[in-house]
Amino acid sequence: MRQRRPFHRKKAVTKSKTAGETQVSEEKVEEPAKPAVKYIELPPSLTVKQLSELLNVSGVDVIKQLMRNGVMAHINQVLDYEVAAAVAGEYGFSLPGKSDTAGKTAGEKEEKKYHRFHEEPSEHQVTRPPVVTIMGHVDHGKTSLLDAIRETNVIDTEAGNITQHIGAYQVEIKGNLITFLDTPGHEAFTAMRARGAQATDIAILVVAADEGVMPQTAEAIDHAKAAGVPILVAINKTDKPGANSDKVKQQLGEHNLLLEEWGGDVICVNVSAKMKEGISDLLENILVVAEVSELKANPDRPAVGVVIEAEMDKTRGPMATVLIQAGTLISGDVIVAGETWGKVKAMLNDKGKRVKKAGPSTPVIVMGLNNVCRAGDALEVVSSEKEARSKLDSRLLEQQIEAITSKRPAKLEDIYSQIASGQIKELNIILKTDVEGSIEPIKLSLEKLSNDQVKVRIIHSASGTMTESDVLLAVASKGIIIGFNARIEPGAKNLADVEGVDIRNYAVIYHIIEDVEKAMKGMLEPVYINVVDGRAEVKAVFTAGKKDKVAGVIVREGKFARGSSVMVKRDGKVIIQSNVSSLKRFKDDVKEVNTGMECGVGVDKFDDFKVGDILETYHKTKST
Ligand code: GDP
């Protein structure tokens with residue numbers, strides 16, 4: 001296996017033209033079934049990397065284990081036998097004694113799946129600028145950093161040329177362009193992904209040097225990782241007296257970000273957005289990451305892109321800021337964007353200047369669409385107005401089909417069929433708990449459920465309420481949300497209902513494990529919900545026959561049918577669930593009674609009606 005080319009800062013500013021060089025995928029090696037007692041032979045000394053390979057765990061895990069034992073080590077650091085033996089012991093290995101053979105097992109290496117847009121034959125592809133999103137905890141300086149980058153590096157500084165906020169801007173550094181998306185935060189990033197669009201190539205994680213890793217920092221790391229987007233760390237506010245970069249770096253290690261200086265591949269740069277320090281270092285390193293990611297696109301094809309902002313302008317009509325991902329958009333092209341279409345009348349670049357063309361990774365304002373499209377909509381050029389209309393028709397049809405057959409976010413009870421049909425190989429779980437201490441045991445137990453067919457991955461875990469951001473991550477990753485005594489934000493509940501995301505909250509850890517295990521074996525009963533068919537209010541109570549009571553009701557909504565399930569509610573509480581045993585209108589038995597009509601209703605095994613009771617007929621359906 002070839003090793004991934006290591007980062008090297010010196011290469012930062014040389015533009016990549018290495019068409020022949022490809023990145024080698026090295027899938028993570030599944031843990032082999034281990035015998036009850038595991039023996040290992042260790043050489044007198046070995047590197048952290050070699051030890052991790054021998055133990056079949058990641059280098060990051062070994063480094064973390066060393067940290068717990070008070071040893072700060074990087075991946076290539078040589079460890080002596082005693083230290084290595086202690087770590088091996090933590091992983092349950094027995095050591096027969098010192099050996100003179102160095103470890104040589106094939107190493108596990110986490111492969112990042114970098115996204116490349118619109119794969120095409122490599123001869124048509126040329127290097128394109130990276131598209132960058134800034135993420136991080138609130139107040140750590142995302143906006144300030146975006147401003148500092150813009151102010152110090154915007155190319156066009158002609159007098160009177162006001163830089164427009166169009167949702168993205170480009171800067172130039174030593175002859176190379178970088179595109180920044182202007183809406184910072186992982187929420188915006190994941191919202192786009194939830195809509196099927198991935199615009200970002202590189203995530204800049206801003207961490208304030210005085211505060212360190214905070215909850216949203218951890219969230220941002222997980223969101224970027226779930227998307228397979230490489231992370232570059234900017235430690236900000238280094239001008240502040242309380243700044244402590246080393247502490248931040250250590251915390252990042254604890255969050256599985258292995259920094260370059262410890263032999264990992266995550267670059268970390270010290271900056272101060274306030275003092276505008278470290279900005280060019282940051283930009284140069286973005287180019288390093290871009291180079292390794294080998295971002296390419298074919299400019300000589302009809303454009304495809306993604307809408308990053310859209311609005312109605314009073315004088316100019318619908319305007320959309322589009323990030324071109326491949327091809328070149330040319331004035332006059334006929335385009336389809338989401339559910340809108342039009343002919344490109346005019347285009348403005350991020351400096352507000354009219355342009356006639358926009359190539360890969362360029363953000364442009366597009367005018368000429370017939371309506372306002374939405375952020376995350378895909379844009380494509382079509383050959384004619386006729387094709388635009390038929391494309392829209394087929395998009396609408398696709399949406400309708402998807403709405404009916406949608407398998408997008410996973411449902412726990414559908415997992416088995418999706419595993420069986422090969423649709424999923426990973427069960428992505430977002431775990432939210434009431435207290436921090438519950439995370440690790442649940443996480444470990446869930447991950448242990450992985451088998452040959454499907455891997456259980458906890459893509460994000462944190463203590464706290466289940467938020468909209470969790471739901472979006474679930475949509476974007478086709479995952480489910482599991483709560484342990486966790487509250488759900490009302491907005492998150494609504495969004496989950498709309499998006500069809502499965503949220504399950506448990507009070508007993510064992511039940512979580514049991515349900516996920518059952519789901520993976522196809523034994524989990526689906527969750528049924530009641531759908532109300534008719535609602536009626538009791539206006540009077542009569543005696544029918546010898547002693548049976550019948551409620552005289554008026555149907556307020558829907559319809560009442562004989563034989564249907566019914567619940568009787570009093571003061572908002574269900575007092576009985578039963579069936580409609582009789583339904584009469586003017587002494588005649590009827591099958592159905594519609595809204596606005598009065599009728600007499602008998603309920604099986606119940607005759608304690610009171611005026612004002614609400615009767616609801618319903619049917620059960622599988623929760624979607
Ligand atoms: P955001 O919420 O992450 O977008 O953070 P902001 O960019 O709004 O910054 C939050 C606060 O931190 C503001 O008061 C900034 O002036 C301040 N700030 C941002 N960057 C720096 C920095 O490098 N040094 C110092 N001292 N303050 C900063």
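Indexing begins at 1, ligand by ligand and atom by atom, following the structure's order. The chain is numbered in sequence order, starting from 1.
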- Any ion pair linking Arg504 and Asp502 (charged N to carboxylate O, less than 4.0 Å)? yes
- Between Lys237 and Asp210, is there a salt bridge with N-O shorter than 4.0 Å? no
For [atom], what is the closest protein heavy atom, and at what distance to 0.1 Å?
| atom | answer |
| --- | --- |
| atom 24 (N) of ligand 1 | Asp239 OD1, 2.7 Å |
| atom 12 (O) of ligand 1 | Lys237 NZ, 3.0 Å |
| atom 16 (O) of ligand 1 | Ser144 OG, 4.3 Å |
| atom 5 (O) of ligand 1 | Gly141 N, 3.1 Å |

Is any N or O atom of [X], backbone or side chain, closer than 3.5 Å to an N or O atom of ligand 1?
| X | result |
| --- | --- |
| Asp139 | yes |
| Ala273 | yes |
| Met275 | no |

- Exam field: side chain Asp222 to backbone Glu219, donor-acceptor pair closer than 3.5 Å: no
- Item | Any donor-acceptor pair under 3.5 Å from Arg195 side chain to Ala375 backbone | yes
- Query: His137: heavy atom below 4.0 Å from ligand 1, yes or no?
  - Reply: yes
- Item | Pair Leu258-Val266, side-chain contact (heavy atoms from CB on, under 4.5 Å): steps then yes or no | CA-CA 6 Å; Leu258 189 54; Val266 178; 5.6 Å; no
- Which atoms of ligand 1 sit under 4.0 Å from any heavy atom of Ser272? 23 (O)
- Message: So if I count the atoms of ligand 1 from 1 in the order they appear, which ones are less than 4.0 Å from some heavy atom of Lys142?
- Response: 1 (P), 2 (O), 3 (O), 4 (O), 5 (O), 7 (O)
- Task: Pick, from Val138, Leu145, Thr143, Ile235, the option with the minimum heavy-atom distance to atom 4 (O) of ligand 1.
- Result: Thr143
- Query: Is any heavy atom of the protein nearer than 4.0 Å to atom 22 (C) of ligand 1?
  - Reply: yes
- Message: Under 4.0 Å from atom 14 (O) of ligand 1, can you find at least one protein heavy atom?
- Response: no
- Task: Report the C-alpha distance between Asn371 and Thr340 in whole Å, list the side-chain angles of each, state the deciding distance to 0.1 Å, and finish with yes or no for side-chain hydrogen bond (donor to acceptor under 3.5 Å, both in side chains).
- Result: CA-CA 6 Å; Asn371 218 329; Thr340 67; over 6 Å; no
- Message: Is there a ring-ring contact (aromatic ring centres under 6.0 Å, His included) between Phe484 and Tyr506? Walk through the geometry before answering.
- Response: CA-CA 5 Å; Phe484 179 64; Tyr506 295 84; 8.6 Å; no
- Using a heavy-atom cut-off of under 4.0 Å, does the side chain or the backbone of Lys240 touch ligand 1, or both, or neither? side chain
- Task: Select one of side chain, backbone, both or neither to describe which atoms of Asn236 lie under 4.0 Å from any atom of ligand 1, heavy atoms only.
- Result: side chain
- Query: Under the side-chain hydrogen bond (donor to acceptor under 3.5 Å, both in side chains) criterion, do Thr133 and Thr200 qualify, and how do the steps go?
  - Reply: CA-CA 6 Å; Thr133 296; Thr200 303; 2.6 Å; yes
- Item | No-hydrogen, no-angle side-chain donor-acceptor test under 3.5 Å, Asn270 and Thr238 | no
- Query: Ile480 versus Asn428: any side-chain heavy-atom pair under 4.5 Å?
  - Reply: no
